[in-house]
Amino acid sequence: MSSKPNLSIIIPVHNEEENILELYEKLYNTLSLPHLIVNTYEIIFIDDGSTDSTFEEIKKIKNSTVKVVRFQRNYGKAAALSCGFKRSKGDIVITLDGDLQDDPKEIPRFIEKLKKYDMVSGWKNKRQDPISKTLPSKVFNWLTRSITGVKIHDFNCGYKAYNSYVVKNINVYGELHRYIPALVYWKGYTVGEIEVEHHPRIHGDSKYGVERLLKGFLDLITVTFLMIYKKRPLHVFGGIGILLGLSGVIMSIYLMVLWATGLKIGDRPLLMLGILLTVTGAQFISLGLIGELITNLRNNDDYIIKYDSYEMENGR
Ligand code: UDP
Ligand code: MG
């Protein structure tokens with residue numbers, strides 16, 4: 001057995017027809033370098049519901065190292081990455097965008113840095129995108145860094161490298177691909193960072209506009225919550241519920257004592273408050289229980305696959 005690791009490269013693509021072949025060529029050139037420190041490699045394209053000829057372009061590549069999984073529709077980058085993570089067989093997993101903005105020549109640097117960390121995130125310091133994207137991204141990164149305590153500059157960079165045990169242990173869904181370093185960090189893994197060169201997008205359009213910003217922001221709330229309750233919603237909602245409910249019950253007991261001594265309680269604001277708090281408390285506790293159930297039941301693979309070269313290979 002070779003002492004060099006096997007590498008899986010995952011590329012989520014949505015309408016990138018003009019970029020596929022050029023990207024493959026660049027990858028091939030980098031991966032064929034004699035000094036590259038990998039044994040074998042596989043390139044996994046996840047066609048995230050493209051409506052152009054992206055899939056046909058991928059199929060043109062006649063090389064068994066190239067796999068393609070095609071989604072039934074556009075499920076988003078997080079679903080695409082999650083699917084790629086599940087398929088990957090390498091000891092090292094690298095993700096990069098399929099729009100040629102990430103340069104394959106950085107791969108050896110990622111692999112080198114990965115010797116010291118469980119995961120390495122790319123940092124597009126000189127990002128080649130319009131200010132309408134770079135400015136919100138700076139705010140996002142600052143917020144995420146403050147909330148999560150993960151001290152890296154660029155959470156959302158698509159270019160990342162992982163030791164395989166990391167990707168097998170994280171759940172990326174919704175728009176959570178923006179926060180992968182945070183998810184990884186909370187599992188107890190170490191997260192490193194390297195600065196990567198970033199090229200402007202030449203072909204095709206960016207898939208992320210203002211509406212995705214809002215989604216991303218809502219997911220930041222999710223991430224913050226995940227951090228607080230570490231997957232135990234009952235511990236948060238239940239705690240709030242007990243606090244509210246208990247103060248409601250105490251108020252009610254106090255009112256009952258007054259009532260028993262013959263005093264009128266009907267026109268006291270406390271009566272309203274007591275009932276309100278007791279009921280709200282009970283609701284919070286139930287919310288926690290439901291949250292707990294959902295957390296345990298959630299299936300992250302809610303995408304439908306139209307074509308899967310792994311299954312084709314196995315003759316299924
Ligand atoms: N992408 C995807 N599904 C989507 C949106 C984007 O797989 O719903 C892919 C896209 O094809 C590209 C990568 O994710 O390979 C990054 O997308 P994009 O370049 O549009 O994002 P930006 O660089 O503008 O943040
Ligand atoms: Mg891009």
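First listed ligand is number 1; within each ligand, the first listed atom is number 1.
In this structure, atom 24 (O) of ligand 1 lies nearest to the protein heavy atom Lys133 NZ, 2.1 Å. The nearest protein atom to atom 14 (O) of ligand 1, hydrogens excluded, is given as Lys77 CD, 3.5 Å; this is a heavy-atom distance.
Around the Mg ion (ligand 2), protein N, O or S atoms at a distance under 2.8 Å total 2; waters are neither shown nor counted.
Note on ring orientation: taking the six-membered ring where Trp is involved, the planes of Tyr24 and Tyr28 are tilted (angle from 30° to 60°).
Residue Asp48 touches ligand 1 through its side chain alone, judged by heavy-atom distances below 4.0 Å. With a heavy-atom cut-off of 4.0 Å, Asn74 touches ligand 1 through its side chain alone. At a 4.0 Å heavy-atom cut-off, ligand 1 touches Glu16 through the side chain alone.
Surrounding NZ of Lys168 are more than 12 heavy atoms belonging to other residues, nucleotides or ligands, all under 6.0 Å away.
For the ring-ring contact (aromatic ring centres under 6.0 Å, His included) test, residues two or more places apart in sequence or in another chain that qualify with Phe85 are Tyr162.
Salt bridge present: Glu16 and Lys207 bring a charged side-chain N and a carboxylate O closer than 4.0 Å.
Closest to atom 15 (O) of ligand 1 by heavy atom, among Gly98, Ser50, Gly76, is Gly98.
Residue-ligand proximity: Gly158 is placed with every non-hydrogen atom at 4.0 Å or more from ligand 1.
Among Leu246, Leu243, Leu244, the single residue meeting the side-chain contact (heavy atoms from CB on, under 4.5 Å) criterion with Leu277 is Leu244.
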